[in-house]
Amino acid sequence: MMASALRGSLVTLAKGLSGARLQPLCARSLSLTSSQNVSESPPARADSTFKVTMVPGDGVGPELMTAVKEVFKAADVPVEFEEFHLSEVQNMASEEKLEEVLSSMKNNRVAIKGKIHTPMEYKGELASYEMRLRRKLDLFANVVHVNSLPGYSTRHNNLDLVIIREQTEGEYSSLEHESVSGVVECLKIITREKSRRIAKFAFDYATKKGRSKVTAVHKANIMKLGDGLFLQSCAEVAELYPKIKYENIIIDNCCMQLVQNPYQFDVLVMPNLYGNIIDNLAAGLVGGAGVVPGESYSAEYAVFETGARHPFAQAVGRNIANPTAMLLTAANMLRHLNLEYHSNMVSEAVKKVIKQGKVRTSDLGGYASSDEFTRAVISNLAI
């Protein structure tokens, strides 16, 4: 019953992207804040089990996924994981394995994944497995909600901004070649269709979330045609949303402004590379890569992953990685599945542990291990 309802809302979204305002999937999956649900009586528990594709990835990914599975088990979350190990650095990557993962993702329509590390060495294929997954599923919109954690103080507290990144073209188009010896050309692809699509997604997101401003990030003063087209597309879409304030800012100034006064921003929308940089910069403002969740959307699929994508390879096996970002990502995934009760249970338990300040991993100035943090979350589940 719930699965069929989910499929129905996905179809509605696909139609919305081609014409009407964006409909349930993206907005619904992120629609209710924790504060809205904590005060309400818990909705009925799910009476069916959802299948979700899990790709642990590289580095500490498998350890973080173990934390997710342990918390889900303790919270009796009605989710069954189909787990696949895909890695370019551990000899666990092949066309056959990629197709298995894609098949599972297409069947389940929802996935949670860690970072699949991309080697810098060129081995005959320019497109990484990360990029190929995004393209084959058309995961065009990456959403990172940068939100300060209550109880953990940083230079800028009470931050609440959203970074929306187009991630199927731009500088990550994998179109490079050596024209003559010692001269390499790397093509950046910007299209009106995809620029308008991500702009519409950003304005629809702002509308659904009750946010007041969208800022387009660009470098059109230098890349007059490429970024100029992106900026023009954003301005055209902005005219359709008179209630949302629209601004634009050059990428280098944006970086400085984020560090000096991030409160001036609400929703930011940008091409691929800029989004990758800003995601990580903004994550640093609220505690780092270990605390910020993220998600990627197409018209049909949703893939949940941490906001700042780092394998943290140096921490493998040391039991020191912070599970916060992955657990909050998993909670967002549950909300996307309409499992509000379990989503709130997990996210509130994580935030409670952070706020108490007794159990924190080393990246947040504490001494707790990953396992100790996970156990603290489980002990704070309001079952």
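Only heavy atoms go into these numbers, but all of them, side chains included; no hydrogens, no water, no symmetry mates.
Remark: Ser343 engages Arg335 in a side-chain hydrogen bond (donor to acceptor under 3.5 Å, both in side chains) (not counting sequence neighbours). Taking Asp266 as the reference, Arg211 meet the salt bridge (charged side-chain N to carboxylate O under 4.0 Å, His left out) condition, with sequence neighbours excluded. Residues passing the salt bridge (charged side-chain N to carboxylate O under 4.0 Å, His left out) test with Arg192 are Glu236, sequence neighbours excluded. The side-chain hydrogen bond (donor to acceptor under 3.5 Å, both in side chains) test applied to Lys219 returns Asp252, not counting sequence neighbours. Residues that satisfy the side chain to side chain contact (heavy atoms under 4.5 Å, CB included) test with Glu239, not counting sequence neighbours, are absent from this structure. In this view, Ser233 satisfies the side-chain hydrogen bond (donor to acceptor under 3.5 Å, both in side chains) rule with no residue, not counting sequence neighbours. The salt bridge (charged side-chain N to carboxylate O under 4.0 Å, His left out) test applied to Lys136 returns no partner, not counting sequence neighbours. Residues forming a side chain to side chain contact (heavy atoms under 4.5 Å, CB included) with Asp138 (at least two apart in sequence, or on another chain): Phe140, Thr168, Arg197, Ser298. Remark: Lys188 engages Glu171, Asp227, Tyr274 in a side-chain hydrogen bond (donor to acceptor under 3.5 Å, both in side chains) (not counting sequence neighbours).
For Asn253 and Gln257, the side-chain atoms include at least one donor-acceptor pair closer than 3.5 Å. In summary, the side chains of Asn332 and His145 do not present any donor paired with an acceptor at a separation below 3.5 Å, with no hydrogens or angles considered. Using modelled atom types, one finds no donor on one side chain facing an acceptor on the other under 3.5 Å when comparing Tyr263 with Asp160. Using modelled atom types and a 3.5 Å distance limit, the side chains of Thr49 and Glu80 yield no donor-acceptor pair.
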Checklist entry - What do the steps show when you test Asp371 against Ser369 for side chain to side chain donor-acceptor pair (under 3.5 Å), and what is the final call? => result CA-CA 5 Å; Asp371 290 343; Ser369 67; 5.2 Å; no
Item to check | Pair Glu169-Thr191, side chain to side chain donor-acceptor pair (under 3.5 Å): steps then yes or no | outcome: CA-CA 8 Å; Glu169 57 177 14; Thr191 63; 3.1 Å; yes
Item to check | Worked check of side chain to side chain donor-acceptor pair (under 3.5 Å) between Asn108 and Thr53 | outcome: CA-CA 7 Å; Asn108 298 329; Thr53 304; 2.9 Å; yes
Checklist entry - Run the side chain to side chain donor-acceptor pair (under 3.5 Å) check on Glu305 and Ser296 step by step: do they pass? => result CA-CA 8 Å; Glu305 52 196 331; Ser296 296; 3.1 Å; yes
Item to check | Pair Ser173-Leu187, side-chain contact (heavy atoms from CB on, under 4.5 Å): steps then yes or no | outcome: CA-CA 7 Å; Ser173 298; Leu187 302 181; over 6 Å; no
Item to check | Worked verdict on Ile198 versus Phe230 for side-chain contact (heavy atoms from CB on, under 4.5 Å) | outcome: CA-CA 10 Å; Ile198 195 66; Phe230 176 82; 3.8 Å; yes
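Between the side chain of Asn380 and the backbone N or O of Lys352, no donor-acceptor pair lies under 3.5 Å.
At a threshold of 4.5 Å between non-hydrogen side-chain atoms, the residues Asp204 and Tyr241 count as touching. Contact check for Leu133 versus Leu86: side-chain heavy atoms found under the 4.5 Å cut-off. Proximity of Phe203 to Tyr246: side-chain heavy atoms (C-beta onward) are separated by under 4.5 Å at one or more points. Between Leu337 and Val79, some side-chain heavy-atom pair lies under the 4.5 Å cut-off. In this structure, the side chains of Glu82 and Lys51 come closer than 4.5 Å at one or more pairs of heavy atoms. In this structure, Val110 and His336 have side chains that are in contact, with non-hydrogen atoms separated by less than 4.5 Å. Looking at Val162 and Tyr205, their side chains come closer than 4.5 Å, going by heavy atoms from C-beta outward.
Evaluated for a side chain to side chain contact (heavy atoms under 4.5 Å, CB included) with Leu161, the options Thr215, Leu258, Val144, Val267 yield exactly one hit, Leu258.
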Could you pull out every donor-acceptor pair under 3.5 Å between side chains of residues 63-75 and any protein atom, sequence neighbours left out?
unit_1	atom_1	unit_2	atom_2	d
Glu63	OE2	Gly317	N	2.8
Thr66	OG1	Pro62	O	3.0
Lys69	NZ	Glu83	OE1	2.9

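A salt bridge links Glu300 with Arg109: at least one charged nitrogen is closer than 4.0 Å to a carboxylate oxygen. For the pair Glu247 and Lys245, the salt-bridge criterion is met [side-chain N within less than 4.0 Å of a carboxylate O].
In this structure, Ala315 and Ile320 approach most closely via the heavy-atom pair CB-CG1, 3.7 Å.
Val180 shares a hydrophobic cluster with Val183; the chain of contacts runs through ILVMFWY side chains whose heavy atoms sit under 4.5 Å apart.
A ring pair (Phe, Tyr, Trp, His ring centres under 6.0 Å) check over residues 350-383, counting only residues at least two apart or in different chains, returns nothing.
Other residues, nucleotides and ligands place more than 12 heavy atoms under 6.0 Å from the CD atom of Glu178.
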